[in-house]
Amino acid sequence: QVQLVESGGGSVQPGGSLRLSCTASGDTYSTASMAWFRQAPGKAREGVAAIDTEGNMKYVDSVKGRFTISQDKVANTLSLQMNSLKPEATAMFYCAANFWCRPADGAWLRHPMSTTVYWGQGTQVTVSA
């Protein structure tokens with residue numbers, strides 16, 4: 001079992017920045033990859049950024065160059081630095097363990113080396129003037 005707790009959400013003006021954090025506990029040694037997802041009101045949850053145990057990172061096209069995912073394996077934390085935020089970024093952001101973005105086609109799936117995915121409870125990000 002892996003427990004995930006997100007923090008760092010809040011309200012920010014367009015163009016501003018936020019840094020989300022996700023603290024993992026439990027069987028963290030078993031995680032093959034970590035990812036951030038978001039879900040805007042009335043929309044499906046979508047993958048935003050992912051990182052695997054080798055440090056390979058993947059981003060959805062809409063955030064490339066503005067968001068940076070990072071991982072501190074010692075502290076068992078996952079972070080998402082979000083810069084130049086746009087109103088369309090308003091969403092609940094979720095941390096996920098054992099999700100990755102398949103390099104071949106960009107599909108967001110359970111990592112093939114894992115059998116279980118875990119989700120945090122989410123942290124709200126609101127971007128408005």
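On a predicted model such as this, the values are computed, not experimentally measured, just so you know.
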> Can you name the nearest heavy-atom pair linking Phe99 to Ala96, along with the distance?
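Heavy-atom minimum between the residues: CD1-CB, 4.0 Å.
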
> Between atom CD of Gln3 and atom SG of Cys95, what is the distance when rounded to the nearest 0.5 Å?
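The CD atom of Gln3 sits 12.0 Å away from the SG atom of Cys95.
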
> What heavy-atom pair brings Met34 and Ile69 nearest, and what distance separates the two atoms?
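The pair with the smallest heavy-atom distance is O-CD1, 4.2 Å.
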
> Looking only at heavy atoms, which two atoms of Ala32 and Asn98 are closest? And how far apart?
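The answer is N-OD1, 2.8 Å.
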
> Can you list, pair by pair, the side-chain donor-acceptor contacts under 3.5 Å of residues 79-88, counting residues two or more places apart and other chains?
residue	atom	partner	partner atom	Å
Gln81	OE1	Arg19	NH1	3.2
Gln81	NE2	Asn83	OD1	2.9
Asn83	OD1	Ser17	OG	2.9

> Just verifying a value: how many Å separate Arg110 CZ and Ser33 OG, rounded to the nearest 0.5 Å?
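So the gap between those two atoms works out to 10.5 Å.
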
> For the residue pair Thr90 and Gln124, establish whether any side-chain heavy-atom pair is separated by less than 4.5 Å.
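They are in side-chain contact.
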
> Does Trp100 have any ring-ring contact (aromatic ring centres under 6.0 Å, His included) partners at least two apart in sequence or in another chain, and if so, which?
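ring-ring contact (aromatic ring centres under 6.0 Å, His included) list for Trp100, sorted by chain: His111.
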
> Residues in salt bridge (Lys or Arg N to Asp or Glu O under 4.0 Å) with Lys43, at least two apart?
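Result, salt bridge (Lys or Arg N to Asp or Glu O under 4.0 Å) vs Lys43: none returned.
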
> In Å, rounded to the nearest 0.5 Å, how long is the span from OG of Ser21 to CD of Glu6?
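If I round to the nearest 0.5 Å, the distance is 10.5 Å.
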
> Under a 4.5 Å side-chain heavy-atom rule over Ile, Leu, Val, Met, Phe, Trp and Tyr, are Val127 and Trp36 clustered together?
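Yes, it is one cluster - the side chains of Val127 and Trp36 are joined through contacts under 4.5 Å.
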
> For the pair Trp119 and Tyr94, name the ring-plane relationship: parallel under 30°, tilted 30 to 60°, perpendicular over 60°.
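Trp119 vs Tyr94 ring planes: perpendicular.
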
> Please enumerate all residues that pass salt bridge (Lys or Arg N to Asp or Glu O under 4.0 Å) together with Arg102, with sequence neighbours excluded.
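So Arg102 forms a salt bridge (Lys or Arg N to Asp or Glu O under 4.0 Å) with Asp105.
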
> Looking at OG1 of Thr77 and CG of Leu20, how far apart are the two atoms once the value is rounded to the nearest 0.5 Å?
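Spacing of OG1 (Thr77) from CG (Leu20) equals 12.5 Å.
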
> Treat each ILVMFWY residue as a node, draw an edge where side-chain heavy atoms are under 4.5 Å apart, and state whether Leu4 and Ile51 are in one component.
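Linked, Leu4 and Ile51 end up in one cluster.
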
> Given a cutoff of under 4.5 Å between side-chain heavy atoms of I, L, V, M, F, W and Y, with clusters grown through shared members, what are the other residues clustered with Val74?
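Grouped by the 4.5 Å side-chain rule, Val74 forms a cluster of one, so the answer is none.
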
> Can you tell me how far CE of Met57 sits from NZ of Lys64, rounded to the nearest 0.5 angstrom?
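Lys64 atom NZ to Met57 atom CE measures 12.0 Å (nearest 0.5 Å).
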
> Considering non-hydrogen atoms only, spot the tightest contact between Trp108 and Ala35 and give its length.
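For Trp108 versus Ala35, the nearest heavy atoms are CZ3-CB, 4.2 Å.
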
> I need the minimum non-hydrogen distance between Thr28 and Val2, along with the two atoms involved.
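The pair with the smallest heavy-atom distance is N-CG2, 4.3 Å.
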
> How long is the span from the OG atom in Ser70 to the CG atom in Leu78, to the nearest 0.5 Å?
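It is 7.0 Å, given to the nearest 0.5 Å.
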
> Is there a continuous path of hydrophobic side-chain contacts, each under 4.5 Å between heavy atoms, that joins Val117 to Met92?
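Val117 and Met92: one cluster.
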
> Does CD in Glu46 sit with more than 12 non-hydrogen atoms of other residues, nucleotides or ligands closer than 6.0 Å?
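Yes, the 6.0 Å shell around CD holds more than 12 heavy atoms from other groups.
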
> Tell me, please, which residues at least two apart from Phe93 pass ring-ring contact (aromatic ring centres under 6.0 Å, His included).
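Not a single residue meets the ring-ring contact (aromatic ring centres under 6.0 Å, His included) criterion with Phe93.
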
> Closest heavy-atom contact between Val63 and Val48?
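Of all heavy-atom pairs spanning Val63 and Val48, the closest is CG2-O, 3.8 Å.
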
